[in-house]
Amino acid sequence: MVMKRTHTCGELTDKNTGATVTLCGWVKSRRDHGGLIFIDLEDRYGVTQLVFNPQKNPSLHKEAERLGPQFVICVSGQVIPRLAGKANPNLPTGKIEIDVQTLEILAASEPLPFDLDGDIPAQEVRLKYRYLDIRRKMMQEVLITRHKIVNSIRTFFDRHNFVEVETPFLTRSTPEGARDYLVPSRIFPGSFFALPQSPQLFKQLLMVGGLDRYFQIVRCFRDEDLRADRQPEFTQLDVEMSFIEESDILALIEAMMKEVFQNVLKKDLKTPFRRISYDEALKLYGCDKPDLRFGLTLTDVTALLSKSQFKVFQGADKRQDIIKGLTLTPKADYSRSEIDKLTEFVKGYGAAGLVTYKVQNGVLTGAVAKYIEPDIQKELIKEMGAKENSLILIVAGKPDTTNDSLAGLRLHLTAKEGYQPAEPQRSPATYGGAEEFSFCWVTDFPLFQYSAQEKQLVSAHHPFTSPQDESINAIMDKRVGATEASMIKAKAYDLALNGVEVGGGSIRINSTKLQKKVFELLGISDAEAQERFGFLLDAFKFGAPPHGGIAVGIDRLVMLLTKQENIREVIAFPKTMSSTCLLTGAPAQVDEKQLKELGIKLGL
RNA sequence: GGGGGCGUAGCUCAAUUGGUUAGAGUACCAGACUGUCGAUCUGGACGUUGCGGGUUCGAGUCCCGUCGCCCUCGCCA
């Protein structure tokens with residue numbers, strides 16, 4: 001194959017002096033002195049300066065005057081050293097320039113809607129002209145890093161004897177609980193495919209198929225409202241293995257991450273990652289994806305403060321409420337308005353309010369301090385590890401909202417205070433961004449959660465998740481009530497990185513009998529189970545090996561490793577917050593003819 | 001579905017308690033200029049202040065509605 005260009009715009013140095021070269025690229029800038037014209041020619045590898053000298057070649061110089069920003073050109077010429085003292089030390093190619101002998105304009109360009117080197121334009125503009133946004137260095141670097149990460153992952157799994165298998169996009173809904181994107185069937189009007197929320201069932205079938213070690217880098221689709229770290233279509237590393245246990249999966253992913261960090265970031269990642277049980281995570285951090293880069297842990301003071309006469313707290317334990325809080329030291333100087341803002345913050349999570357005390361002269365002060373009995377005050381200060389000038393922040397209420405709001409408050413305060421240690425004794429040496437990337441496994445998730453909405457137990461993970469061994473007998477032998485069931489732990493695990501959930505998985509049930517029992521507890525009838533995933537249950541009749549796996553969110557992982565604050569930044573063509581594509585205008589209406597063919601009548 | 005922020009020239013932003021002709025930088029156009037590298041200098045052109053309504057002598061500014069983008073709660077592993 002004959003390449004048009006002999007070099008890229010980033011590789012020529014004084015070592016190439018004298019060589020005749022051909023370069024292709026975009027005109028980054030033209031500096032026209034009336035006489036000499038300098039062109040910065042750019043491609044994704046770098047920038048090279050071209051010179052047009054009217055005395056050497058008048059007609060070529062005339063041509064160069066026509067060149068505008070972002071014209072695509074191809075030039076041939078000789079690599080010459082720049083004049084003494086005129087080198088540009090900021091460029092790898094700064095010691096040389098190209099004395100152009102031939103110029104071909106491959107494509108002209110209209111003025112761009114925004115400056116590639118200027119301030120980053122509004123999201124509307126970036127997404128509408130995403131191809132121009134991608135021309136920016138920053139975007140290219142992120143996309144290249146993403147490629148390297150994915151490439152490193154593929155190489156890792158290939159070397160460990162995994163087989164990448166593609167699974168269908170046109171399929172049935174999998175039991176993950178999010179809304180499906182539906183695709184109408186033309187052959188069967190009124191019937192629909194669903195785009196997969198994940199390849200969950202297929203990967204289990206691959207285990208039944210004896211493939212033993214499967215992985216896939218695969219697109220998944222969920223029709224839910226978006227967030228800074230959520231897109232309607234996103235990419236997962238999907239993994240499933242047979243004849244393994246939970247610890248095997250964790251170790252595998254740790255090894256993979258270590259390799260990715262080494263290959264892509266040139267950083268040594270410490271393994272094994274920290275492990276924390278779901279219960280412990282909830283207790284100390286109020287959430288199941290704790291950011292362990294810093295301390296500022298929560299303290300449960302339900303028992304103590306329920307005894308108080310203060311009616312916000314009194315009898316909380318009897319109402320099934322909890323009282324938890326955190327202590328900032330030394331932060332008694334928070335102003336009234338700052339505290340009001342924090343109160344508004346927790347109210348955003350549905351908390352009734354925020355009770356705040358300052359510790360001064362060994363006692364609590366603040367608007368509502370007088371309602372707390374002296375002996376309880378003393379005990380509270382002790383339990384919360386507070387000291388002189390500490391600020392104690394307390395939320396009371398339903399467990400979920402209390403934990404949610406305090407987990408949010410913890411992150412909020414940490415960001416606000418710049419990772420300053422609140423209490424070094426209880427959170428040793430974990431402040432100050434000492435750790436750039438803090439992975440942790442959250443294990444021992446509950447198998448079920450009670451859904452108040454449905455008045456029914458639902459799967460915390462998905463219905464094929466195996467309970468832990470000690471609970472299996474309980475489930476099989478006797479009838480398990482709702483409260484007992486909510487105590488059962490699953491062989492399920494999540495991977496959190498800097499407070500972001502980047503993965504999750506489980507060991508699956510491979511016993512038909514146990515699966516039946518779990519469906520029973522979930523209120524799924526035999527008929528319904530057969531209807532929704534009968535094909536999986538059938539498969540399990542024919543020798544299903546014990547198996548389990550995990551899925552890792554590639555977009556989120558790339559986002560964290562490239563220090564981006566939004567998932568859009570690591571996706572070439574992302575959707576807006578309202579799941580539209582500003583570039584193509586999708587979703588869009590379709591021809592009446594298309595609808596008719598699909599048997600669809602709009603009832604808007 | 002709820003809460004919040006933003007929307008002014010192609011782009012990034014400004015515009016005093018509501019005040020008279022809505023500015024700046026950059027990009028664009030024209031001209032000048034032989035060592036620049038964010039080139040420089042001179043001049044020019046560029047606005048339905050997202051859209052619709054209202055209050056007012058007067059609205060970019062206040063009110064109501066609506067659309068778009070972003071953040072967040074719910075939702076979503």
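Note that the structure is a prediction, hence the values are computed from the model and not measured. Chain identifiers are assigned alphabetically (A, B, ...) following the order of the sequence lines, protein sequences preceding nucleic acid strands; residue numbering begins at 1 within each chain.
Minimum atom distance to the side chain of A/Q123 is reached by B/rC70, of the listed B/rC70, B/rU12, B/rU34. Of all nucleotides listed (B/rC69, B/rG10, B/rC73), B/rC73 comes nearest to the side chain of A/Y349. Of the candidate nucleotides B/rA27, B/rC69, B/rC37, B/rA27 has the atom lying nearest to any side-chain atom of A/D115. Nearest nucleotide to the A/Q49 side chain, out of B/rC75, B/rG10, B/rU36: B/rU36. When distances are taken from the side chain of A/E124 to each of B/rU12, B/rC69, B/rU36, the shortest belongs to B/rC69. The side chain of A/L83 lies closest to B/rG35, out of B/rC71, B/rG35, B/rC11. Set against B/rC28, B/rG74, B/rU72, the side chain of A/M577 has B/rU72 as its closest nucleotide. You'll find that the side chain of A/R82 is closest to B/rG35, out of B/rG35, B/rU12, B/rC71. You'll find that the side chain of A/L127 is closest to B/rC70, out of B/rG1, B/rC70, B/rC28.
If you check the side chains of A/D444 and A/Q468, you find a donor sitting under 3.5 Å from an acceptor.
Regarding A/D229, its CG atom lies at a distance of 14 Å from the C1' atom of B/rC73, rounded to whole Å.
With hydrogens and angles ignored, no donor-acceptor pair closer than 3.5 Å exists between the side chain of A/R222 and the base of B/rC76. At a cut-off of 3.5 angstrom, counting only N and O atoms as typed in the model, there is a donor on one side and an acceptor on the other between the side-chain of A/R230 and the base of B/rC75. On a pure distance criterion of 3.5 Å, a polar donor-acceptor pair joins the side chain of A/E97 and the base of B/rG35.
If you take atom C1' in B/rG68 and the same atom in B/rG52, they sit 15 Å apart, rounded to whole Å. Taking atom P on both B/rG19 and B/rU61, the two are 11 Å apart, rounded to the nearest angstrom. With both ends at atom P, the span from B/rC62 to B/rG5 equals 12 Å, rounded to whole Å.
Between A/F221 and A/Y181, the ring planes are perpendicular. Angles over 60° get that label, and only those under 30° would be called parallel. Under the 30°/60° scheme for interplanar angles, the aromatic rings of A/F519 and A/F533 are found to lie parallel. Between A/Y129 and A/Y131, the ring-plane angle classifies as perpendicular under the 30° and 60° cut-offs.
Searching all strands for a Watson-Crick or G-U wobble partner of B/rC29 with both distances below 3.5 Å returns B/rG43. Nucleotide B/rC6 forms a pair with B/rG68, judged by Watson-Crick or G-U wobble geometry with both contacts under 3.5 Å. B/rG35 is unpaired under the criterion used here, namely a Watson-Crick or G-U wobble arrangement in which both key atom distances are under 3.5 Å. As the counterpart of B/rG58, no nucleotide is assigned, since no Watson-Crick or G-U wobble pattern has both distances under 3.5 Å.
Taking side-chain N and O atoms only, A/R126 has no distance below 4.0 Å to OP1 or OP2 of B/rC70. The shortest distance between the side-chain N/O atoms of A/K86 and the OP1/OP2 oxygens of B/rC37 is not below 4.0 Å. The shortest distance between the side-chain N/O atoms of A/T401 and the OP1/OP2 oxygens of B/rG74 is not below 4.0 Å. Contact between the side-chain N/O atoms of A/R227 and the OP1/OP2 oxygens of B/rC73 is found at a separation under 4.0 Å. For A/S29 and B/rA39, the shortest distance from a side-chain N or O to OP1 or OP2 is below 4.0 Å. The phosphate of B/rA39 (OP1 or OP2) has a side-chain N or O of A/R31 nearer than 4.0 angstrom. The side chain of A/T576 contributes an N or O atom lying less than 4.0 Å from OP1 or OP2 of B/rC69.
Surrounding CG of A/L182 are more than 12 heavy atoms belonging to other residues, nucleotides or ligands, all under 6.0 Å away. Residue-environment remark: CZ (A/R275) exceeds the threshold of 12 foreign heavy atoms within 6.0 Å. Counting heavy atoms of neighbouring residues, nucleotides and ligands inside a 6.0 Å radius, atom NZ of A/K95 does not exceed 12 of them.
Among the atoms of the strands shown, none is found under 4.0 Å from any heavy atom of A/A351. The residue A/D288 sits close to a base: some heavy atom pair falls under 4.0 Å. Within the 4.0 angstrom heavy-atom criterion, only backbone atoms of the sugar-phosphate kind lie near A/T580; the bases stay farther away. Contact annotation for A/G348: backbone-only contact, meaning every heavy-atom pair under 4.0 Å involves sugar-phosphate atoms and none involves a base.
Stacking between A/H33 and B/rG35 is absent: the ring centroid is not both under 5.5 Å from the six-membered base ring centre and under 30° in plane angle. Taking the 5.5 Å centre cut-off and the 30° plane limit, the aromatic side chain of A/F38 is classed as stacked on B/rU36.
Judged by closest nucleotide on RNA chain B, A/R30 is the one of A/A460 and A/R30 placed further toward the 5' end. Toward the 5′ end of RNA chain B lies the nearest nucleotide of A/N90, the other residue of the pair A/N90 and A/S578 mapping further downstream.
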